[in-house]
There are 2 protein chains.
Amino acid sequence: MPYRRTPKVQERLDAQRATIVAAATEQLAEHGYSGCSVSAVAERAGVAVGSVYQHFPTKADLVVHVFRQVVTREVDAVRAASARPGEPAERVLAVFETFAQRALKAPRQAYALLAEPVDARIDAERLEFRRAFTDVVAEHVAAGVKAGALPPQDGRLTAAALVGAAAEVLIGPLTSGNAGDVAELRTFVVRALGGSDARHA
Amino acid sequence: MPYRRTPKVQERLDAQRATIVAAATEQLAEHGYSGCSVSAVAERAGVAVGSVYQHFPTKADLVVHVFRQVVTREVDAVRAASARPGEPAERVLAVFETFAQRALKAPRQAYALLAEPVDARIDAERLEFRRAFTDVVAEHVAAGVKAGALPPQDGRLTAAALVGAAAEVLIGPLTSGNAGDVAELRTFVVRALGGSDARHA
DNA sequence: GTCTATAGTTCGATAGAC
DNA sequence: GTCTATCGAACTATAGAC
């Protein structure tokens with residue numbers, strides 16, 4: 001009789017996989033990619049190194065999986081923050097304030113997502129990450145232009161610029177350990193949008 | 001009699017090294033990192049694969065060397081452009097217009113410098129690249145604030161934001177092949193600086 | 001899962017400098 | 001005659017195709 005994976009076994013496998021992913025996510029958040037050696041992840045998950053490879057063919061696949069999961073969480077967070085009622089410019093601001101606050105609360109993780117030198121696979125994921133982020137911002141900028149609350153501009157270009165700006169501004173504090181100045185970033189975004197708030201900011 | 005490297009031999013060695021570096025630079029500019037296989041570089045340089053390893057212990061070392069050389073050239077170009085007389089805001093604009101124009105003239109190279117997924121060593125070099133770029137911009141922003149031509153702001157933060165913005169905006173056109181809209185980028189920079197030109201831009 | 005293609009690196013052989 | 005710069009096929013690993 002051929003071996004068949006019973007539901008019970010499958011359940012245990014799924015649970016183990018989740019444990020491993022959770023351990024890798026925590027390692028990433030606390031120690032970045034340097035802390036994501038397979039042995040460190042396995043130890044944290046309470047499994048053998050070999051068990052990690054039962055679920056992921058290579059370490060890179062595990063790390064990419066974790067990266068995507070964390071990024072999805074972050075993009076969802078800023079999307080939710082910007083979905084709350086308000087002027088388009090305020091929605092854009094909500095995106096970046098949420099982004100910055102979350103990054104500064106988990107600086108090691110943010111650095112890993114944004115800039116920590118790793119490999120080509122993660123580099124490619126980062127491009128995707130920024131594109132997703134830009135999509136969220138671009139919508140609100142375009143809405144602002146359409147409503148006349150913002151001066152005429154290419155929404156996607158402004159959005160890309162703001163995403164690049166926010167990422168670059170955060171990398172400094174994340175690297176040096178200094179608390180970044182979120183208020184200054186806010187001022188920059190307001191001015192760059194050219195919204196009516198620009199004068200009082 | 002022990003063998004001693006004569007000046008003549010050394011000269012030939014230096015010339016060969018320069019040839020290899022030039023070939024790698026051209027490959028990078030035309031085909032990015034994908035075009036920088038050791039065999040392709042060697043062929044272009046007219047030497048054997050093994051000879052490359054006489055000058056660089058690994059391919060990564062060669063590529064990092066080329067990256068640094070090209071980046072130095074680019075940073076020097078924008079620094080020179082911004083050194084010409086003018087208002088601080090105009091100097092900042094000169095940096096980004098020069099940057100963008102040069103990038104669009106050599107799109108494959110620019111993509112390689114800015115975003116092409118590669119490896120951790122190049123990622124680390126990119127952080128340095130952006131820091132050097134930010135330094136140039138920050139000086140002019142600070143000068144503008146001091147002269148009262150720009151509203152009070154953290155010069156380094158604004159500079160980092162603009163560098164991030166410009167890089168991110170360029171990645172789109174560089175990836176898609178569309179000619180990027182440099183004029184729109186200019187408008188963005190002007191607004192973000194908050195200079196007196198902002199109203200007529 | 002096997003097989004093929006490709007890329008980075010190594011190394012023994014050769015030719016030429018000393 | 002000794003030593004080394006150069007060469008390029010061979011080795012090893014990895015990625016993609018079937």
Side-chain angles (χ1 to χ4, degrees), chain A residues 1-5 9-10 13 17 20 24 33-34 36-39 41-42 49-68 116-128, chain B residues 1-70 108-109 111-113 115-126 175:
Chain A
M1 170 181 173
Y3 177 82
R4 290 213 166 273
R5 226 175 242 184
V9 171
Q10 186 59 49
L13 273 174
R17 185 187 153 105
I20 290 166
Y33 298 105
S34 349
C36 280
S37 72
V38 177
S39 63
V41 170
V49 172
S51 300
V52 173
Y53 287 95
Q54 294 254 320
H55 302 277
F56 298 93
T58 69
K59 172 189 157 171
D61 288 292
L62 167 62
V63 172
V64 166
H65 177 84
V66 169
F67 183 95
R68 283 191 183 146
E116 185 180 356
V118 210
D119 60 29
R121 303 253 328 252
I122 295 292
D123 284 349
E125 293 296 323
R126 282 191 181 126
L127 292 175
E128 269 303 302
Chain B
M1 171 182 175
Y3 178 89
R4 292 220 160 269
R5 204 176 265 183
T6 62
K8 187 157 190 175
V9 171
Q10 185 60 49
E11 196 181 334
R12 190 164 48 83
L13 235 41
D14 291 349
Q16 188 183 56
R17 185 188 153 104
T19 305
I20 290 167
V21 170
T25 305
E26 290 162 17
Q27 284 293 108
L28 188 72
E30 290 172 21
H31 306 109
Y33 297 105
S34 348
C36 280
S37 73
V38 178
S39 61
V41 170
E43 190 174 354
R44 184 158 198 157
V47 302
V49 174
S51 298
V52 174
Y53 287 90
Q54 292 259 321
H55 303 277
F56 299 94
T58 69
K59 172 192 160 169
D61 288 294
L62 167 62
V63 172
V64 165
H65 177 84
V66 170
F67 183 95
R68 284 193 182 142
Q69 198 168 276
V70 176
R108 194 66 187 78
Q109 173 179 283
Y111 180 63
L113 294 187
E116 185 178 356
V118 210
D119 61 29
R121 300 232 359 232
I122 295 293
D123 284 350
E125 293 295 324
R126 283 191 181 126
T175 311

Under 4.0 Å from OP1 or OP2 of C/dA17: is there any side-chain N or O of B/Arg12 that close? no

The correct set of residues in residues 21-32 of chain B placing a heavy atom under 4.0 Å from DNA chain C is none

Heavy atoms of A/Asp61 and A/Pro57 approach each other most closely as OD2-CG, 3.4 Å

Can you see which heavy atom on B/Ala40 is nearest to which on B/Gly35, and at what distance? CB-O, 3.7 Å

Partner residues of A/His55 under the ring pair (Phe, Tyr, Trp, His ring centres under 6.0 Å) criterion, sequence neighbours left out: none

Thinking salt bridges, do B/Asp123 and B/Arg126 make one under a 4.0 Å N-O criterion? yes

Can you tell which of D/dC7, D/dT6, C/dC18 lies closest to the side chain of B/Thr6? C/dC18

Could you go through the side chain to side chain contact (heavy atoms under 4.5 Å, CB included) check for B/Val64 and B/Arg68 one step at a time? CA-CA 6 Å; B/Val64 165; B/Arg68 284 193 182 142; 4.0 Å; yes

Give me each pair satisfying salt bridge (charged side-chain N to carboxylate O under 4.0 Å, His left out) with a member in residues 19-35 of chain B, each pair once, sequence neighbours excluded. B/Glu26-B/Arg44, B/Glu30-B/Arg44

Does the side chain of B/Ile20 come within less than 4.5 Å of B/Gln16's, by heavy atoms? yes

Side chains of A/Val38 and A/Phe56, heavy atoms from C-beta outward: is any pair under 4.5 Å? no

Write out all pairs satisfying ring-ring contact (aromatic ring centres under 6.0 Å, His included) with one or both partners inside residues 18-54 of chain B, taking only residues at least two apart or from two chains. none

When Watson-Crick pairs (N1 to N3 and N6-O4 or O6-N4) and G-U wobble pairs (N1-O2 and O6-N3) count only below 3.5 Å on both distances, what is the dot-bracket string of DNA chain D, with | for other-strand pairs? ||||||||||||||||||

Any side-chain heavy-atom pair of B/Val47 and B/Thr19 under 4.5 Å: no

Taking only N and O in the side chain of B/Gln16, is any of them less than 4.0 Å away from OP1 or OP2 of D/dA5? no

In B/S/- notation, 5' to 3', how is nucleotides 3-13 of chain C contacted by protein heavy atoms closer than 4.0 Å? -----SBB---

